[in-house]
Amino acid sequence: MKSSRISGFYKKTIEERKALITEMHPFTEEDLAVFESVAPLAEDTADNMIENVVGTFQLPLGLGLNFLINGKEYTIPMAIEEASVVASASHIAKIVRDAGGFVTESTERVMIGQIQVVGCSDYTEAKEAVLENKQILIDAANDAFPSIVTRGGGAEDLDVRILNEAADSKFGKMLIVHLYVNTVDAMGANLVNTMAESIAPLVEEITQGKVYLRILSNLADRSLARARCIIPPHLLGTGDFSGEAVRDGVIHAYEFAASDPYRAVTHNKGIMNGIDPIVIATGNDWRAVEAGAHAYAVKDGQYTSMTTWYKDEQGNLVGELELPMSIGIVGGATRVHPMAKLALKLLEVNSAKELAEVIVAVGLAQNLGALKALATEGIQKGHMTLHSRSVAMAAGAAGEMVDIIAQELIKNNDIRVGKAKELVEKYKR
Ligand code: MEV
């Protein structure tokens, strides 16, 4: 892909933007037709996806620009209803790109299938019996879904825990089998659930207990993706704030979130502002990603910041984010929804691992965007600038007139369509 660093993209018309990204990506005629379509998701496709369909629901799809991750250029498709998010991600991506870009890595993509067993006469013996039959259970799980083994994945390991062992426990004892499945490029819910259900009778036989639940865990802590950025302070300065002041403000903001769950929730919501839009645009299950991310944020006992921000020995601002990322690039809506297919093409990712890494890099950028604004001029100014642009457009401004009218509205502290119409008339004369 050509460089994702495009200046003034926001000033172009939608048609001009489409033309630009068509130059950057090898789209087919069919892809372009999806862009041109009024409702890319046809009702009969939607009808096959969920039940009781009466229509489809659209969101704006914006592009996160300037992203350089592990030396590769990315255009980020972001489906979201909230103003400022895409602009803020692109703004931070530009700063981080000037600092060398994001660096990311990830673990293998191993998802967990849980099997709940109750009614065992001796739980310790039952646990040992499961462990003795580990390989038989793993083989049986793979026999239930051989295509994932062909793709280089499949059930790889198994573990057993006994819950509620304490004599004063509020709930009864239960044995929980964890089946570890490498899902390669799939999110894996379907295949893990199929495996868990298919080995359940064998687990009952081995444990002499009764199996109830057989389901994937969304706490995908064996499918982790990490992103990091190191930014010299001179790239952070804004308005009257020096780079050092911004860096220190961001670190104070992080320490607030790290110490206080009330702040951490909002801080993390800002991270998910960057993550959910890509998860949605690529047709992935954003509830699974949300649930996993928030559970991971409490892994040390207190709900805390998902990101970490600190100053290194050279005085650079360092940011890190590690999250479970249960997403895929095959299966589910990723290959059914025409916009999701296009979003994956736009991203030019070759694996689910790569997509997971891109997603956390955008989450990290989004967090810095929010903290930088909050620790300096506040977020309302940026919001107002964007809001004034949409008001100007709603009043009939187009092209370069949009910026001029928007600036006038801000200067007059009167951001209303009526006022904008007056200005448009004046400008036309
Ligand atoms: C708004 O959608 C997100 C923020 O509240 C995040 C934050 O406070 O860090 C700005």
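When a ligand or atom number is given, it counts from 1 through the structure's own listing order. Model, not experiment: these values are computed from the prediction.
Just one of L355, L342, T75 meets the side chain to side chain contact (heavy atoms under 4.5 Å, CB included) condition when paired with L347; it is L355.
With salt bridges taken as basic N to acidic carboxylate O contacts below 4.0 Å, one links K269 and E82. Using a 4.0 Å cut-off between charged nitrogen and carboxylate oxygen, R97 and E73 count as a salt-bridge pair. Comment: E36 engages K18 in a salt bridge, judged by a side-chain N to carboxylate O separation of less than 4.0 angstrom. A salt bridge links K419 with E422: the closest approach of a Lys/Arg side-chain nitrogen to an acidic carboxylate oxygen falls below 4.0 angstrom.
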Between the protein and ligand 1, are there any N or O atom pairs that come within less than 3.5 Å of each other, and if so, what are their names and distances?
from, atom 1, to, atom 2, distance (Å)
ligand 1, 2 (O), E82, OE1, 3.4
ligand 1, 2 (O), E82, OE2, 2.7
ligand 1, 2 (O), K269, NZ, 2.7
ligand 1, 2 (O), N273, ND2, 2.9
ligand 1, 8 (O), R263, NH1, 2.9
ligand 1, 8 (O), R263, NH2, 3.3
ligand 1, 9 (O), R263, NH2, 2.7

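The 12-atom threshold is exceeded at CG of D312, counting heavy atoms of other residues, nucleotides or ligands nearer than 6.0 Å.
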